[in-house]
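Let me begin by presenting the structure, written as structure tokens, before commenting on it.
A, B, ... follow the sequence lines: proteins, then strands. Residue 1 opens every chain. As a basis for the values below, the full set of heavy atoms in this structure was taken, side chains included, without hydrogen atoms, waters or symmetry mates.
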2 protein chains.
Amino acid sequence: MKTTEKYGKKTDIALSLWVKLARAYYTCAKLSTDNIKTFGLTRPQFCVIECLGHQGEITLTLLSSKLLVTGGNITLVVDNLEKEGLVERIRSKEDRRTINVKLTSKGEGVFKNIFKKHADFITKNVQALTEKEQVQLGKLLKKLGTSLKS
Amino acid sequence: MKTTEKYGKKTDIALSLWVKLARAYYTCAKLSTDNIKTFGLTRPQFCVIECLGHQGEITLTLLSSKLLVTGGNITLVVDNLEKEGLVERIRSKEDRRTINVKLTSKGEGVFKNIFKKHADFITKNVQALTEKEQVQLGKLLKKLGTSLKS
DNA sequence: TATTATTACTTCAAGATTAAATTATTAATG
DNA sequence: CATTAATAATTTAATCTTGAAGTAATAATA
């Protein structure tokens, strides 16, 4: 299905790639979010729990940089997780400006219970691509992403 | 840089793809959003203006389905654009439930002024990939996205 | 025709997100 | 040491986002 050239071939190809990236991401994100919802968590909350589950106790600043969100955002998401008793803030003794976050034992339990399930869910959902295609797609995405950050 | 196998090869490859997709999308989206901001618009506002600029007058329901967002969302974004005098609501006479939206002349002017600029910006930013790679990446993304919607 | 169901949009509540301003603490420097 | 810089986190205002509930208009049906 070839649509008519609108802005020149080069631009058409680039915009088409742009749209496909956004659509693919949207579809994946929606699936993922819906799955996470069955665990009783929002997506940002899941991301925080996953990060803490793998990294252990880290500062709020590091957490926000790993998740690519602003500090104000992390404050709120961690607030909500703290209300649920899944994470706790611990003021550092070396530098009283920094605050570390870690999973509570309840949070650890949740992490152990759901992460593997979610990973399996993701895995199942990309099997329309062969392993080779998955690797190839990953390489191209990485090349694109990396080139843009410079 | 090969990290140790954590959840089995198949899962590792799938999760890696997942992460790369999210990172690439994030980087592209951030660049795009920052560029749109220089036009004095938010990203959702730009998306509405772009859609109306290309499609012409359409119903709110159609607009929300094209942009993959909920109706409540469109109501708000269109509210804000209406306050700026960029779009206007027009109640349909055939079916008084439906409301059409279209660009005002001011909105048309904005669309004509910025869309080409933004398209060129996007084009410039994907040139780290060859045209062949862009097409290849697009194909894989489409295959992934399409397979998930079934 | 009267009732019921569907459709289109809005409103509301909760959470997410950013950028800018603020507070508290530490580091740097004159 | 006192002042100034920088850093870490929070708060605030604005917008976005969803899902659920509500309103109004149209369509379907008994």
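Considering only side-chain N and O atoms, A:Arg96 lies nowhere under 4.0 angstrom from the phosphate OP1 or OP2 of D:dT7. Contact annotation: B:Arg89 side-chain N/O to C:dT10 OP1/OP2 distance is under 4.0 Å. Side-chain N/O atoms of B:Lys37 include one lying less than 4.0 angstrom from OP1 or OP2 on C:dA19. Taking only side-chain nitrogens and oxygens, A:Thr42 comes nearer than 4.0 Å to OP1 or OP2 of C:dA16.
Neither side chain, A:Lys37 nor A:Thr33, offers a donor N or O lying under 3.5 Å from an acceptor on the other. With hydrogens and angles left out, the side-chain atoms of A:Ser147 and A:Lys143 include no donor and acceptor closer than 3.5 Å.
Residue A:Leu76 is classed as a base contact, given a heavy-atom separation below 4.0 Å to a base.
Remark: C1' of D:dA14 and CD of B:Glu84 are 12 Å apart, rounded to the nearest angstrom. Going from atom CG of A:Leu41 over to atom C1' of C:dG15 covers 13 Å, rounded to whole Å. As a whole-Å value, the separation of A:Leu67 CG from C:dT17 C1' is 13 Å. Residue B:Lys83 contributes atom NZ, which lies 7 Å from atom P of D:dT15 at whole-angstrom precision. Atom pair B:Leu68:CG and D:dT18:C1' shows a separation of 14 Å (rounding to whole Å applied). The CD atom of A:Gln45 sits 10 Å away from the P atom of C:dT17 (whole-angstrom rounding). The separation between A:Leu60 atom CG and C:dA24 atom P is 18 Å, rounded to whole Å.
The residue among A:Leu62 and B:Asn73 whose nearest nucleotide of DNA chain D is located toward the 5' end is A:Leu62. Toward the 5' end of DNA chain D, the nearer of the two residues B:Thr70 and A:Asp79, judged by each one's closest nucleotide, is A:Asp79.
A:Lys106 places a side-chain N or O within donor-acceptor distance of the main-chain N or O of A:Glu84, the cut-off being under 3.5 Å.
C:dT26 makes up no base pair with any nucleotide shown, lacking Watson-Crick or G-U wobble contacts both under 3.5 Å.
A donor-acceptor contact under 3.5 Å is formed by the side chain of B:Arg97 with the base of C:dT7.
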Walk me through whether A:Asp120 and A:Lys124 qualify under salt bridge (charged side-chain N to carboxylate O under 4.0 Å, His left out). CA-CA 6 Å; A:Asp120 288 344; A:Lys124 198 183 64 194; over 6 Å; no
